[in-house]
Peer 1: 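Please read through the structure below; I'll follow up with questions.
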Amino acid sequence: MPSLLDQLTAALAGAFAACGLDPALGVVRESDRPELCAFQCNGAFAAAKAARRPPKEVAEAVAAALIDSDTVQNVSVAGPGFINFDASRIAISSALAAQDNARCGVPATGAGTIIVDYGGPNPAKAMHAGHLRTTLIGDALKRIFAFAGYRALGNTHLNDLGLPMGQIISEYAARHPEWPYFDPAFTGPYPAEAPFTYAELEEIYPQAAQACKDDPARRNLARQAAVDLQEGRPGYRALWGHLMRLSKADAKRNFDSLGVSFELWRGEADVHGLIPGIGRDLKGRGLAVESEGALVVPVVEAGDTRPMPPLMYYKSDGAATYGTTDVATLCDRAQTYPDLVRAVYVADRRQALHFEQVFRTARLAGYADGVDLTFVGYGTMNGPDGRPFKTRSGGLPRFDDIVAETLERARARLAEAGLRGDEALARQIMMATLKFADLVNPPAADYVFDPERMTAFEGKTGPYVLYQAVRAGAILEKAGSAGALGPLGVDETPLALTLAAWPEAFAQALAAPSPHPVAAQAYRVAQAFSRFYGACPVLSEADPATRAARLALVARTRAQITLALSLLGIYVPKQM
RNA sequence: GCACCCGUAGCUCAGUGGAUAGAGCGCCGCCCUCCGGAGGCGGAGGCCGCAGGUUCGAAUCCUGCCGGGUGCGCCA
């Protein structure tokens, strides 16, 4: 059963055709003037131009052709040629009936594998508010693709072989030259336990980075250490192994706190072995050329309007860059997953140029033929003053601090409501708060990080949507029996129409791709339900048909909010 | 310098060719003998940065200007 909008568009297309006009002009949209009618079609303007007739005359002809339709009703022509109408009760009911299943009427038509890359923790560096964005957007996109029928795999790409690793290793070499990791004569085995804790690592890293910034000699040591590490020097590899284990555990702790998980934890080190072969291939085919001592892939295309520097494959010191590993990773994925149809990267939008270079290189070399390459960039993070966000200590707020603060506020709010001590519930509220606050915005928009707003429980927030679903659930539980779709009065119709718009909202999210349309739809349903709740008593309604019809709407509301929120990684509790 | 993104209510943001531009927060006023008030209803608040252009119709498309952000090969 097609969606309500599809049914209406089909009816209008038929009317246009009956008048000898292009049926493609029968596109229906929600009305701009809800007090006049629920839907409108503006195709008469374009049709009038093509037919060289006055728009109003065309609109009236189309309206006349709709007189016997059982899909639209209350047809009228307004102004210079707007065709206004409502959906018939039969059309609304059949659209809602088609949603009466676990998928709320959306078919799973996707086929093939999609890999979504997000999270992106940096080893030895505390995850911060920026990681919150990529984590939440990426996790939601993965769920949306999976719901659409694809095999969706989440990967968190670890930047685990770059210069920072060299900086840390050389820092420890300076501080603890006596460690066996730095003794070339040492034959092992190396200690099983790490000689440092993760907290110490987090402290050492910024100091090491700063030292390299200040001192060219230190910088060279760090570069050399990174190259040695990439080439597999045993002591460095052993030390690096400790570092990675601790870093992954910390990243997992952060992801777990939000119920986010990954199918793949493949980073730079996992494709390191592929780099020389790909380099030879690119060079052999003339795609990569020597330039200023480095090996680069020119990716300028005809028609470029902006500067397009080449992708750097090997730096002049022979080291790989993140462009190298991203190309190698893509190549590896296309081979590992023959049915890969799409690779999605969720990262700060300042990396747009980098991914453009990677995508162009892959296309030039044919490493990912048939794979749709998508970059989802999210906005720069600013503070409430509109300038780059800074904590009192000067950095970005920590990921785990944001989670802990929101969790604490959720506990406090639950205590107010007399639900003290329900820790699982507090976590659900926390997740709804953080996830919805982020996902209700389009990813590309600049991001204002306002802790007050981020953790609010009132207004356009996750807890508001949860609350409406909980109220709906309470009614359903007390009613005991199921309802049946029936007559819709003026107070029921807005909710019914909002519910009917779900297939379009999901289609929009999938096409973008973005979680935002799903979040916006969940909010619209919650808002429509809250009005309905105030205007339409259900359990105390005396007329059985009205009561059943309202109960059916309550059930559809609960189901749709539950589904939409689940695609955002948010779960609806029984009470709150 | 060149390029990309953005400029919408006091604030944070939706809305990318249709009528009278929406939401949340904040502000003012109502609504709990009634399914859960994390709520609902009403009100004030806008030359959609500015100026041209295209169009029957522009917040939306084009051009120029002003303002902000970001990027432009050896960090990841």
Side-chain angles (χ1 to χ4, degrees), chain A residues 29 31-33 35-36 40 42 45-46 48-49 54-55 78-82 84 120 122 125 157 159-164 167 209 212-213 223 268 291-296 304-319 321-323 325-326 347-354 357 377 379-380 382 384 386-388 413-414 416-417 429 440-442 444-446 448 450 452-453 456-468 470-479 516 520 523-524 527 530-541 550-551 554 575-576:
Chain A
R29 39 175 289 155
S31 171
D32 287 331
R33 302 283 301 275
E35 75 282 9
L36 295 180
Q40 63 178 313
N42 303 330
F45 294 107
K49 187 176 243 179
F82 299 104
N84 289 343
N122 298 312
K125 213 170 156 189
H157 188 79
N159 309 311
D160 55 8
L161 275 187
L163 186 59
Q167 290 172 333
C212 291
K213 216 173 186 176
R223 284 214 177 111
E268 297 176 330
S291 170
E292 296 170 39
L295 186 72
V296 302
D304 277 348
T305 57
R306 56 178 168 163
M308 183 56 63
L311 178 125
M312 177 145 319
Y313 197 83
Y314 286 131
K315 295 191 288 185
S316 50
D317 66 1
T321 72
Y322 76 136
T325 46
D326 280 345
D348 189 307
R349 70 164 186 223
R350 281 175 292 193
Q351 296 195 38
L353 179 59
H354 163 71
Q357 292 173 307
T380 315
N382 293 321
R387 294 164 49 178
R413 182 63 188 86
L414 284 175
E416 270 177 51
I429 306 280
V440 75
N441 301 116
D446 269 343
V448 173
D450 181 346
E452 283 289 316
R453 210 160 50 84
F457 299 145
E458 286 161 15
K460 194 171 183 177
T461 64
Y464 170 86
V465 180
L466 285 190
Y467 181 67
Q468 304 312 330
V470 166
R471 292 210 291 187
I475 293 177
L476 294 172
E477 185 153 337
K478 282 175 190 160
H516 162 246
Y523 180 70
R524 280 193 295 267
Q527 210 174 22
S530 196
R531 292 203 178 107
F532 164 90
Y533 187 91
C536 299
V538 178
L539 299 178
S540 58
E541 172 58 41
R550 288 177 179 175
L551 202 51
V554 176
Q575 58 163 12
M576 65 184 282

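Since we're looking at a predicted model, the values are computed, not measured. Chain A is the first sequence line, chain B the second, and so forth, proteins listed ahead of strands; every chain is numbered from 1.
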Peer 1: With the side chain of Thr380(A) defined as its heavy atoms from C-beta on, choose the nearest nucleotide among C35(B), U70(B), A3(B).
Peer 2: U70(B)
Peer 1: Would you kindly give the CG-to-P distance between Asp348(A) and G69(B), to the nearest whole Å?
Peer 2: 16 Å
Peer 1: Return whichever of Leu414(A) or Leu163(A) has its heavy-atom-nearest nucleotide of RNA chain B closer to the 5' end.
Peer 2: Leu414(A)
Peer 1: Find every protein N or O atom lying less than 3.5 Å from an N or O atom of nucleotides 71-74 of chain B, and list the pairs.
Peer 2:
unit_1	atom_1	unit_2	atom_2	d
G73(B)	O6	Glu292(A)	OE2	3.1
G73(B)	N1	Ser291(A)	OG	2.9
C74(B)	O2	Ser316(A)	N	2.6
C74(B)	O2	Ser316(A)	OG	3.2
C74(B)	N3	Ser316(A)	OG	3.3
C74(B)	N4	Glu292(A)	O	2.9
C74(B)	N4	Glu292(A)	OE1	3.3

Peer 1: Nearest-Å distance, CD (Glu416(A)) to C1' (G39(B))?
Peer 2: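 For the pair Glu416(A) CD and G39(B) C1', the rounded distance is 15 Å.
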Peer 1: State which residues pass side-chain hydrogen bond (donor to acceptor under 3.5 Å, both in side chains) with Tyr314(A); sequence neighbours excluded, sorted by chain then number.
Peer 2: none
Peer 1: Under the rule for salt bridge (Lys or Arg N to Asp or Glu O under 4.0 Å), what residues qualify as partners of Arg531(A), not counting sequence neighbours?
Peer 2: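 Arg531(A) satisfies salt bridge (Lys or Arg N to Asp or Glu O under 4.0 Å) with no residue once adjacent residues are dropped.
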Peer 1: Scan every strand shown for a Watson-Crick or G-U wobble partner of A38(B), both distances under 3.5 Å, and answer none if you come up empty.
Peer 2: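 No nucleotide pairs with A38(B).
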Peer 1: Shortest non-hydrogen contact from Asp32(A) to Gln40(A)?
Peer 2: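 Minimum heavy-atom separation between Asp32(A) and Gln40(A): N-NE2, 2.9 Å.
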Peer 1: Can you list everything that forms a salt bridge (Lys or Arg N to Asp or Glu O under 4.0 Å) with Glu452(A)? Sequence neighbours excluded, please.
Peer 2: none
Peer 1: For Arg471(A) and G40(B), what is the distance between atoms CZ and P respectively, to the nearest whole Å?
Peer 2: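 Between P of G40(B) and CZ of Arg471(A): 7 Å.
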Peer 1: Write out a two-atom table: protein N or O, nucleotide N or O from nucleotides 56-66 of chain B, distance below 3.5 Å.
Peer 2:
none

Peer 1: Looking at residues at least two apart in the chain, or sitting in another chain, which of them share a side-chain hydrogen bond (donor to acceptor under 3.5 Å, both in side chains) with Gln351(A)?
Peer 2: none
Peer 1: Ignoring hydrogens and angles, state whether a donor on the side chain of Gln527(A) or Arg524(A) is under 3.5 Å from an acceptor on the partner side chain.
Peer 2: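 Gln527(A) vs Arg524(A): no donor-acceptor pair found between side chains.
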Peer 1: Could you work out which one of A38(B), G39(B), G18(B) sits closest to the side chain of Arg29(A)?
Peer 2: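 Comparing A38(B), G39(B), G18(B) against the side chain of Arg29(A), the answer is G18(B).
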Peer 1: Applying the Watson-Crick and G-U wobble criteria at under 3.5 Å, what pairs with C32(B)? Answer none if nothing qualifies.
Peer 2: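 Matched C32(B) with nothing under the 3.5 Å cut-off.
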Peer 1: Could you let me know what G1(B) is paired to, Watson-Crick or G-U wobble, both distances under 3.5 Å, or none if it's on its own?
Peer 2: C72(B)
Peer 1: What about Tyr467(A): does its side chain form a donor-acceptor pair under 3.5 Å with the base of A38(B)?
Peer 2: no
Peer 1: Between the base of A76(B) and the side chain of Gln351(A), is there a donor-acceptor distance below 3.5 Å?
Peer 2: no
Peer 1: If the condition is salt bridge (Lys or Arg N to Asp or Glu O under 4.0 Å), which residues does Asp317(A) pass it with, not counting sequence neighbours?
Peer 2: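 So Asp317(A) forms no salt bridge (Lys or Arg N to Asp or Glu O under 4.0 Å) with any residue.
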Peer 1: Using both distances under 3.5 Å as the test, list the Watson-Crick or G-U wobble partner of C65(B), or none.
Peer 2: G49(B)
Peer 1: When you get a sec, tell me which of C13(B), C35(B), C4(B) is the closest nucleotide to the side chain of Thr305(A)?
Peer 2: C4(B)
Peer 1: Could you list the residues that satisfy salt bridge (Lys or Arg N to Asp or Glu O under 4.0 Å) with Arg349(A), not counting sequence neighbours?
Peer 2: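 Once residues adjacent in sequence are excluded, the partners of Arg349(A) under the salt bridge (Lys or Arg N to Asp or Glu O under 4.0 Å) criterion are Asp446(A).
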Peer 1: Starting from P on C4(B), measure out to CZ on Arg306(A) and report it in whole angstrom.
Peer 2: 8 Å
Peer 1: Could you state the CG-C1' distance from Leu551(A) to C35(B), rounded to the nearest angstrom?
Peer 2: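 It works out to 11 Å between those atoms.
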Peer 1: Just the rounded figure in Å: distance from P of A76(B) to NZ of Lys213(A).
Peer 2: 15 Å
Peer 1: With both distances kept under 3.5 Å, what pairs with A23(B), Watson-Crick or G-U wobble?
Peer 2: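 Paired with U12(B).
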Peer 1: Using the closest heavy atom to pick a nucleotide of RNA chain B for each, name whichever of Gly79(A) or Asp160(A) lands nearer the 5' end.
Peer 2: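 Nearest-nucleotide comparison on RNA chain B picks Gly79(A).
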Peer 1: In chain order, what residues pass the side-chain contact (heavy atoms from CB on, under 4.5 Å) check against Ala474(A), with sequence neighbours excluded?
Peer 2: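 None.
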Peer 1: Output one letter per nucleotide in nucleotides 21-34 of chain B: B when a protein non-hydrogen atom lies under 4.0 Å from the base, S when only the sugar-phosphate is that close, - when neither is.
Peer 2: --SSS---------
Peer 1: Only counting residues at least two apart or in another chain, list the ones meeting side-chain hydrogen bond (donor to acceptor under 3.5 Å, both in side chains) with Asn122(A).
Peer 2: Asn159(A)
Peer 1: Do Phe82(A) and the base of G18(B) stack face to face, with centres under 5.5 Å apart and an angle between planes under 30°?
Peer 2: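 No.
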Peer 1: Base, sugar-phosphate alone, or nothing: which one does Cys536(A) contact when heavy atoms must sit under 4.0 Å apart?
Peer 2: base
Peer 1: Just checking Phe457(A): base, sugar-phosphate only, or nothing, at a heavy-atom cut-off of under 4.0 Å?
Peer 2: base
Peer 1: Using the ring of each side chain (for Trp, its six-membered ring), is Tyr322(A) parallel, tilted or perpendicular to His354(A), with breaks at 30° and 60°?
Peer 2: parallel
Peer 1: At under 4.0 Å between heavy atoms, which parts of nucleotides 5-10 of chain B does protein reach? Answer with one letter per nucleotide, 5' to 3': B base, S sugar-phosphate only, - none.
Peer 2: ------
Peer 1: So what's U55(B) paired with, Watson-Crick or G-U wobble, going by both distances under 3.5 Å?
Peer 2: none
Peer 1: What is the distance, to the nearest angstrom, from the CD atom on Glu268(A) to the P atom on C75(B)?
Peer 2: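 Taking atom P of C75(B) as the reference, CD of Glu268(A) is at 14 Å.
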Peer 1: Calculate the interatomic distance between Met576(A) atom CE and G37(B) atom P; express it in whole Å.
Peer 2: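 From Met576(A) CE to G37(B) P: 12 Å.
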